[in-house]
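Below is one structure; the comments refer to it alone.
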Amino acid sequence: MTQSSLTVDELASQMRKRLAEAGITDPLTDTRLLVGEAIGFSLTDFVLNGKRPVSQDEIARIEAMIARRECGEPVHRILGHREFYGLDFMLSAGTLEPRPDTEVLVDALLPHVKRLIAEKGTVRILDMGTGTGAICLALLHQCPDATGVGSDISRDALDTALNNARRNGLENRFEAVESHWFGQILGRFDIIVSNPPYIKTEIIQTLDRDVRNFDPMLALDGGEDGLSPYRSIAEKAVDFLNEGGVIGVEIGYDQKMDVMAIFASNAYGCAQAITDYGGNDRALIFCR
């Protein structure tokens, strides 16, 4: 491995400058994530071992990653994985990144999962539009007596979710089903959860380039008014939800009243409304 004359500190400084000039919002954090991935550095290593020389191979890997970030590709897509609720999830072209704000939906559902396990001994979870599997797998990791089904219309997403189940030691309690909403779902569930596509079709082309150019459209487009998936869930859930069960959905910041009305028209009451870390409406919990 041919060494260069550059240290980690010097190379990171150059790469940070490139990202700043490209208009990246947080060039320091992104540089450390990308450089750290390429050379196996933790954040602590940057403090303790910043004078370590980098090899030409490492420089080539880092420059390729930085070039992708300069073009707007999200940093975690470049890394190929992202942490969510203490677990590490692989990403793919057919999945959204699991984002920190979605963790509030897991937080809100956990007491219901634990209550139902205490009552019944086990719980069955359905995660529709599962993507990476993050929501369902986070719940299964927290609750060893729960089992889950992740459904999606993307075969790529389902393969990724199964891979993430294996990666986190949950493959024995997780099943993946290719289904358009309830179309191919069998049986009943105690928890039905979804982070569905909820962006209006006409809005998608106005989104930031890191979303517009790199996130899968199937996971973004919620139809003309952004509410189509909620109608599909609310109208059919009665045939799949066990008595005493709950439905949890993520919503857009301005959709709370509309989604509550859709579920109310199908005889569901809103048991809880949850805001995210930025104070925006983010999730709703319904019971019948």
Side-chain angles (χ1 to χ4, degrees), residues 76 79-92 95-152 157-177 179 185 187-196 219 233 237 240-251 268 270-278 280-288:
H76 287 97
L79 297 174
H81 61 97
R82 183 164 188 170
E83 188 269 340
F84 179 86
Y85 223 84
L87 302 176
D88 193 47
F89 289 91
M90 299 302 292
L91 309 177
S92 65
T95 66
L96 293 176
E97 294 178 40
R99 290 180 167 89
D101 282 331
T102 301
E103 292 184 348
V104 301
L105 179 54
V106 177
D107 285 338
L109 284 171
L110 268 174
H112 296 284
V113 178
K114 292 176 178 178
R115 168 181 61 82
L116 288 161
I117 287 173
E119 293 172 5
K120 303 176 60 174
T122 186
V123 157
R124 193 167 185 236
I125 300 166
L126 172 62
D127 178 12
M128 292 194 293
T130 194
T132 60
I135 295 172
C136 188
L137 294 172
L139 290 168
L140 296 186
H141 184 254
Q142 294 292 319
C143 302
D145 294 311
T147 61
V149 173
S151 71
D152 211 291
L158 293 172
D159 290 342
T160 303
L162 285 168
N163 183 33
N164 283 325
R166 287 189 289 270
R167 182 179 178 86
N168 290 290
L170 298 165
E171 66 272 24
N172 293 333
R173 294 190 283 126
F174 179 79
E175 177 188 357
V177 175
S179 180
I185 301 301
R188 286 187 171 270
F189 300 85
D190 304 290
I191 304 287
I192 296 175
V193 61
S194 184
N195 177 11
I233 296 169
F240 298 89
L241 187 67
N242 281 327
E243 187 174 345
V246 300
I247 300 173
V249 293
E250 180 165 327
I251 58 171
Y268 292 95
C270 184
Q272 190 179 0
I274 305 105
T275 55
D276 62 24
Y277 302 123
N280 297 305
D281 290 320
R282 179 60 57 188
L284 299 170
I285 305 294
F286 295 98
C287 54
R288 198 163 177 81

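The basis for the numbers below is simple: all heavy atoms, side chains too, and nothing from hydrogens, waters or symmetry mates.
Partners of Asp281 according to the salt bridge (charged side-chain N to carboxylate O under 4.0 Å, His left out) rule, which considers only residues two or more places apart in sequence or in another chain, do not exist here. For the salt bridge (charged side-chain N to carboxylate O under 4.0 Å, His left out) test, residues two or more places apart in sequence or in another chain that qualify with Lys120 are Asp190. Taking the ring pair (Phe, Tyr, Trp, His ring centres under 6.0 Å) definition, one finds that Phe84 meets it with nothing, sequence neighbours left out.
Between the side chain of Asp276 and the backbone N or O of Gly278, at least one donor-acceptor pair lies under 3.5 Å. No donor-acceptor pair closer than 3.5 Å links the side chain of Asp127 to the backbone N or O of Gly150. A donor-acceptor pair under 3.5 Å links the side-chain atoms of Asp152 to the main chain of Gly131, judged by distance alone. Judged by distance alone, with hydrogens and angles left aside, the side-chain atoms of Arg82 form no donor-acceptor pair with the main-chain N or O of Phe89 at under 3.5 Å. Between the side chain of Arg282 and the backbone N or O of Glu250 there is no donor-acceptor pair closer than 3.5 Å. Judged by distance alone, with hydrogens and angles left aside, the side-chain atoms of Thr95 form no donor-acceptor pair with the main-chain N or O of Ala157 at under 3.5 Å. Side chain of Asn163 to main chain of Asp159: no donor-acceptor pair is present (N/O by atom type, distance under 3.5 Å, no hydrogens or angles). Checking side-chain atoms of Arg188 against main-chain N and O of Leu241 turns up a donor-acceptor pair under 3.5 Å.
How far NE2 of His141 is from CZ of Phe174: 15.0 Å, rounded to the nearest 0.5 Å. With rounding to the nearest 0.5 angstrom, the CG atom of Leu158 is 10.5 Å from the CD atom of Glu175. In this structure, the separation between OG1 on Thr160 and CG on Leu91 is 8.5 Å, given to the nearest 0.5 Å. Going from atom CG of Leu110 over to atom OH of Tyr85 covers 4.5 Å, rounded to the nearest 0.5 Å. Interatomic distance, Arg167 CZ to Leu137 CG, rounded to the nearest 0.5 Å: 12.0 Å. The structure places NZ of Lys114 at 10.0 Å from CG of Leu139, a figure rounded to the nearest 0.5 Å.
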**OP:** Please assess Val246 against Phe286 for the test side-chain contact (heavy atoms from CB on, under 4.5 Å), listing each intermediate value before the final yes or no.
**Re:** CA-CA 6 Å; Val246 300; Phe286 295 98; over 6 Å; no
Original post:
Which is it for Thr130 and Ser151 under the side-chain contact (heavy atoms from CB on, under 4.5 Å) test, yes or no, and what are the steps along the way?
Top reply: CA-CA 6 Å; Thr130 194; Ser151 71; 6.0 Å; no
**OP:** Apply side-chain contact (heavy atoms from CB on, under 4.5 Å) to the pair Cys136 and Val193, showing each step before the final yes or no.
**Re:** CA-CA 8 Å; Cys136 188; Val193 61; 5.7 Å; no
Original post:
Given the rule in the side-chain contact (heavy atoms from CB on, under 4.5 Å) test, do Ile135 and Val106 qualify, once you have shown the distances and angles that lead to the verdict?
Top reply: CA-CA 6 Å; Ile135 295 172; Val106 177; 4.2 Å; yes
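Residue Thr147 comes nearest to Leu140 through the heavy atom pair C-CD2, 3.6 Å, listed as atom of the first residue, atom of the second, then distance. Annotation for Pro144 and Gln142: closest pair CD-O, 3.6 Å, computed over non-hydrogen atoms. The two residues Ser194 and Leu105 make their nearest non-hydrogen contact at O-CD2, 4.2 Å. The nearest pair of heavy atoms linking Asp88 to Asn168 is O-ND2, 3.2 Å. The shortest heavy-atom contact between Ala283 and Ile251 is N-CG1, 4.0 Å. Here the closest non-hydrogen pair linking Phe240 and Ile185 is CE2-O, 3.3 Å.
Looking at Ile191 and Arg124, their side chains never come closer than 4.5 Å, going by heavy atoms from C-beta outward. A heavy-atom distance below 4.5 Å is found between the side chains of Ile285 and Leu109. Taking the side chain as every heavy atom from C-beta outward, Met128 and Ile233 approach each other to under 4.5 Å. By the 4.5 Å heavy-atom criterion applied to side chains, Phe189 and Asn242 are not counted as neighbours. Considering only heavy atoms from C-beta on, Val149 stays 4.5 Å or farther from Ile125 through its side chain.
More than 12 heavy atoms of other residues, nucleotides or ligands lie within 6.0 Å of CD in Glu119, so this atom counts as buried by the packing criterion.
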